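These values consider heavy atoms only, across backbone and side chains, with no hydrogens, waters or symmetry-generated copies. Given the structure is predicted, the values throughout are model-derived calculations rather than measurements.
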Amino acid sequence: GRADGALIERMTRTLAHRGPDGEGIEVFPSESGSVPVTLGHRRLSIIDPTERGTQPMSYGDGRYWITFNGEIYNYRELRRELEDRGFTFKTETDTEVLLASFVEHGPDMLDRINGIFAFGIWDREDDSLFLARDRMGVKPLYWAQHDGEFHFASEIKALLPALPPPSMRTEMLPDYLRLLWVPDPDTLFEGIYKLPPGHWARFQNG
């Protein structure tokens, strides 16, 4: 809902401790009525630590873009299967394999992957955002809507630069004090939610 690299830079820099090895931002201004979008990423280099692994990452003709937190344990097997189907790869990353799997299988790709993950994939052709989180919820994914915009991040504090100061949901305090967390999909903050473990979501047309 906004093409604003400066805002995303402020958001991603709150996550520098999660990704100390680099940052990336891609801005997609509105073109011929398309939805403006900005994707940001903080990188922790584990697989293919070269610049080729920088995110946000695109695949193919640039229709699909991903920002991904996690690790796909069976990505080599998935890569071989995709290569047999005619896919080619420019990196040695699990990120590129994850994105190519989505290109080939759509949401059904989640049945094929083994790992811990939270990611967003922007489809520039149909103006849709696909979000997913691993089955056990090891990797967090928070989201909020405000003033016609949709925001998502790995931590609540990364959302705050894009939102008005949120109020606390006092009705959630007993859960927090008893469990030391708030059950999904809620959080302690009004208007900020979690994607539950083992779930995916698509955001399109508001």
Those residues at least two apart in sequence (or on a different chain) that pass salt bridge (charged side-chain N to carboxylate O under 4.0 Å, His left out) with Asp127 are none
Quick one: hydrophobic cluster around Val35, which other residues, with the 4.5 Å side-chain cut-off, linked directly or via members? Phe28, Val37, Leu39, Trp65, Trp122, Leu129, Leu131, Leu141, Trp143, Phe150, Phe152, Tyr193, Leu195, Phe203
Residue pairs, two or more places apart or on separate chains, that pass side-chain hydrogen bond (donor to acceptor under 3.5 Å, both in side chains) and touch residues 26-37: none
If you measure from the Lys or Arg side-chain nitrogens to the Asp or Glu carboxylate oxygens, is any gap between Lys139 and Asp134 under 4.0 Å? no
Solution key, residues 161-175 side-chain donor-acceptor pairs under 3.5 Å, sequence neighbours excluded:
from	atom 1	to	atom 2	distance (Å)
Arg169	NE	Glu171	OE2	3.1
Arg169	NH1	Asp186	OD1	2.8
Arg169	NH2	Glu171	OE2	3.3
Asp175	OD1	Arg178	NH2	2.9

Partners of Arg63 by side chain to side chain donor-acceptor pair (under 3.5 Å), sequence neighbours excluded? Asp123, Glu125
Supply the members, apart from Trp181, of the Ile/Leu/Val/Met/Phe/Trp/Tyr cluster built from side-chain contacts under 4.5 Å; use none for a lone residue. Leu179
List the residues meeting side chain to side chain donor-acceptor pair (under 3.5 Å) with Arg85, not counting sequence neighbours, and say none if there are none. Glu104
Salt bridge (charged side-chain N to carboxylate O under 4.0 Å, His left out) partners of Glu83, counting only residues at least two apart: Arg79
Go through the steps for Phe87 and Tyr59 under the test side chain to side chain contact (heavy atoms under 4.5 Å, CB included), then give the verdict. CA-CA 10 Å; Phe87 283 74; Tyr59 187 84; 3.2 Å; yes
Salt bridge (charged side-chain N to carboxylate O under 4.0 Å, His left out) with Arg124: which residues, sequence neighbours excluded? none
Contacts of type ring-ring contact (aromatic ring centres under 6.0 Å, His included), residue Phe119, not counting sequence neighbours: Phe117
Non-neighbouring partners of Thr95 that pass side chain to side chain donor-acceptor pair (under 3.5 Å), sequence neighbours left out: Gln55
Can you list the residues that meet the side chain to side chain donor-acceptor pair (under 3.5 Å) rule with Thr12, with sequence neighbours excluded? none
